J.: 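Please find one structure pasted underneath; my questions will follow.
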Amino acid sequence: MLDLKELANNFEEISDKLKKKNIDKTLLNSLKELSLKLKEEKAVLETLQAEQNSKSKLFPIYKKEGKDTDELKKELDNNKDKITKTLLKTRELEERLFEIALVIPNIPDESVPSGESEDDNIEIKKILNKPVFDFEPKEHWDLDKKQQWIDFERGVKLSKSRFSVLKGDGAKLERALVNYMLDFNTQRGFCEVSVPFITNKESLTATGQLPKFEDDLFKIEGESLYLIPTAEVPVTNLYRDEILKEENLPIKLTSHTACFRKEAGSAGKDTRGMIRQHQFGKVELVCISKPADSEEIFNLMVKTASDLLSSLNLHHRLVLLCGGDLGFGAAKTVDIEVWLPGQNRYREISSISNTKDFQARRAKIRYKDGKKNRLVHTLNGSSLAIGRTIIAIMENYQQSDGRVLIPKALEAYIR
RNA sequence: CGGGAGAUGGCAGAGCGGUUGAAUGCACUGGUCUUGAAAACCAGCGAGGGUCAUACCUCCGGGAGUUCGAAUCUCCCUCUCCCGGCCA
């Protein structure tokens, strides 16, 4: 959520910055007007409440003195009506205010390039080299005809399209990757946590998936619970409504979860293969830091995910997202795209974001800075999406006879 | 899913419908004492809003109500704990 005080004070600056995200200035303006109006109305309300409070305290005094309280009571009854009316007004304003405030995205960081779509993203650097093949490399679904790791048909039978089943060495590879990634991250100082795959509305609102993106979530019928679209939701919400000790920051966590997405807006996209599924495994990094440290932590997270790919000897590149391609809560995002020789293109395998205080304000995650409570910065990033890593291994480690080798780093993890 | 108990500040735990945002203990912070530490003693110590700073307002699981006045009374919901059933 935006800092409404900031919005009122630096309206032009903030609305300029939000142009990168195509936010209507009139919407921002109504938000500003509402917050000012609410402040005004609240002042009226509080004056009335103060009067009610102080005069109510006269009752025991009057009684002790044997004075008549009828006049006082009449006055206060009257005042109470006013309070009720004003209270209703402020509540209505508040409701309208939050309705808007909760669907306005984060302000892009200074370093974010302007642009409309992924075509305007900026490649930061390439890491390692593309593998060289003396034959035509195949895509993962072709390779799977020999490997028989992925059972697409039966996944559909069990659930629906965009579900699949891993079996044999495919299933083992998935398990090996999870362990390998968690171990890798633990060695880099991230603490492993295991969290619920179902969270409530409050949690999803705090991290920004709700109210705006309800259509992308699987909801549990009859409950206000949802399947998580990413571990970012439960792991960040671990600290919702908490005031952290300064000396415990930064908090660095890693977690493996299944992720569930309806993929509502991507009909027809990536329908072939295992690139885009309703359920996929992911090992996530989540950090909570003091504002001054978040840029450094961000770079550390990018480095961790990139090194992980390098340790599997997979060529990839880092891409800085432009304003138009930035997610709802992110102030800054670096995507890591792995090279897929079969598809002959780079595909996103990790996305690392600094949301700064955007989620922290919604989630009320603060830390004690001396005497004052200040909002923390929250960051999240994948390291990595498991399914896409399997695809990357298949396509990059394929042999001319259609077999797929296992990366050296994983040998100890597959038995 | 059935029966019972409960929900108060970081934790523990008081709290007759009226100067109670809340006793007390622990923890924590500052000070005195000490070569230093411990102990002892003194002081401070919930959150959000508001203000230059005060005032002031809101919050005792959440919501609705009674009242001039609610942490305290009524109703609904949620959650937790204990007993039983079911079950990884």
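Here is how names work: the chains are called A, B, and so on, in the same order as the sequence lines, proteins then strands, and each is numbered from 1. Remember, predicted model here, so these are calculated numbers, not experimental data.
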J.: Determine the Euclidean distance between corresponding P atoms of B:U58 and B:U19; express it in Å to zero decimal places.
T.: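 Straight-line distance between the two P atoms is 14 Å.
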J.: Taking only the P atom of each, what is the distance from B:G44 to B:G50 in whole angstrom?
T.: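 Approximately 28 Å lies between the P atom of B:G44 and that of B:G50.
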J.: For B:G15 versus B:C73, give the span between their P atoms, rounded off to a whole number of Å.
T.: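 These two P atoms come out 12 Å apart once rounded.
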J.: Distance check, C1' atoms only: B:U8 and B:A14, in whole angstrom units.
T.: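 Looking at atom C1' only, B:U8 and B:A14 are 10 Å apart.
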J.: Is it true that A:Glu94 and A:Lys42 make a salt bridge, defined as a side-chain N closer than 4.0 Å to a carboxylate O?
T.: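 Yes, A:Glu94 and A:Lys42 are salt-bridged.
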J.: Name the nucleic acid region contacted by A:Arg91, choosing base, sugar-phosphate or nothing; use a 4.0 angstrom heavy-atom cut-off, strictly under.
T.: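 The answer is sugar-phosphate, as A:Arg91 gets under 4.0 Å only of primed atoms, P, OP1 or OP2.
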J.: For B:C81 and B:U72, measure between their P atoms and round to the nearest Å.
T.: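 Nearest-Å result for B:C81 against B:U72 at atom P: 24 Å.
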J.: Within the structure shown, what part of the strands sits under 4.0 Å from A:Glu75 by heavy-atom distance: base, sugar-phosphate, or nothing?
T.: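 No contact.
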J.: Looking at A:Lys245, does any N or O in its side chain come under 4.0 Å of the phosphate oxygens OP1/OP2 on B:C28?
T.: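 For A:Lys245, the contact criterion (side-chain N or O under 4.0 Å from OP1 or OP2 of B:C28) is not met.
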J.: Can A:Asp401 and A:Arg403 be counted as an ion pair, charged N to O under 4.0 angstrom?
T.: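 A salt bridge links A:Asp401 with A:Arg403.
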J.: Mind checking what makes ring pair (Phe, Tyr, Trp, His ring centres under 6.0 Å) contact with A:Tyr397, not counting sequence neighbours?
T.: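 Scan of A:Tyr397 (ring pair (Phe, Tyr, Trp, His ring centres under 6.0 Å), adjacent residues dropped) gives none.
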J.: Name the residue closer to the 5' end of RNA chain B, choosing between A:Lys63 and A:Leu76 according to the nucleotide with the nearest heavy atom.
T.: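 The residue closer to the strand's 5' end, by nearest nucleotide, is A:Lys63.
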J.: B:C59 and B:A71: how far apart are their C1' atoms, nearest whole angstrom?
T.: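 Pairwise C1' distance, B:C59 against B:A71, rounds to 11 Å.
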J.: For A:Lys80 and A:Lys57, find the nucleotide of RNA chain B closest to each by heavy atoms; which residue's nucleotide sits nearer the 5' end?
T.: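 Upstream on the strand: A:Lys57.
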J.: Indicate yes or no: does A:Glu202 engage A:Arg240 in a salt bridge with an N to O separation below 4.0 Å.
T.: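 No, A:Glu202 and A:Arg240 are not salt-bridged.
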J.: C1' atom, B:G17 versus B:G3: distance in rounded Å?
T.: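 Nearest-Å result for B:G17 against B:G3 at atom C1': 33 Å.
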J.: Checking contacts here: which listed nucleotide (B:G69, B:G49, B:A47) is nearest the side-chain heavy atoms of A:Ser56?
T.: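 In terms of side-chain proximity for A:Ser56, the closest of B:G69, B:G49, B:A47 is B:G69.
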J.: Kindly write out the residues that satisfy salt bridge (charged side-chain N to carboxylate O under 4.0 Å, His left out) with A:Asp77, not counting sequence neighbours, or none if the list is empty.
T.: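 Salt bridge (charged side-chain N to carboxylate O under 4.0 Å, His left out) check on A:Asp77 returns A:Lys73.
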J.: Should the pair A:Glu13-A:Lys17 be classified as a salt bridge under the 4.0 Å nitrogen-to-oxygen rule?
T.: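 Between A:Lys17 and A:Glu13 there is a salt bridge, with a charged N closer than 4.0 Å to a carboxylate O.
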J.: When all nucleic acid strands are considered with a 4.0 Å heavy-atom cut-off, which category describes A:Lys368: base, sugar-phosphate, or nothing?
T.: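 Sugar-phosphate: the residue A:Lys368, judged by heavy atoms under 4.0 Å, touches backbone atoms but no base.
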J.: Between B:A23 and B:A12, how far apart are the C1' atoms? Round to whole Å, please.
T.: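 Each nucleotide's C1' atom is 14 Å from the other's.
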J.: Restricting to nitrogen or oxygen on both sides, can you table the protein-nucleotides 50-57 of chain B pairs closer than 3.5 Å?
T.:
residue, atom, partner, partner atom, Å
B:G50, OP2, A:Lys5, NZ, 3.2
B:U51, OP1, A:Lys39, NZ, 3.2
B:C57, OP1, A:Asn53, ND2, 2.9
B:C57, O3', A:Gln49, OE1, 3.2
B:C57, O2', A:Gln49, OE1, 2.8

J.: Determine the contact category for A:Asn373: base if any of its heavy atoms lies under 4.0 Å from a base atom, sugar-phosphate if only primed atoms, P, OP1 or OP2 are that close, otherwise nothing.
T.: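 The answer is sugar-phosphate, as A:Asn373 gets under 4.0 Å only of primed atoms, P, OP1 or OP2.
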J.: Is any side-chain heavy atom of A:Glu284 less than 4.5 Å from a side-chain heavy atom of A:Thr257?
T.: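 A side-chain contact is absent here, since even the closest heavy-atom pair is not under 4.5 Å.
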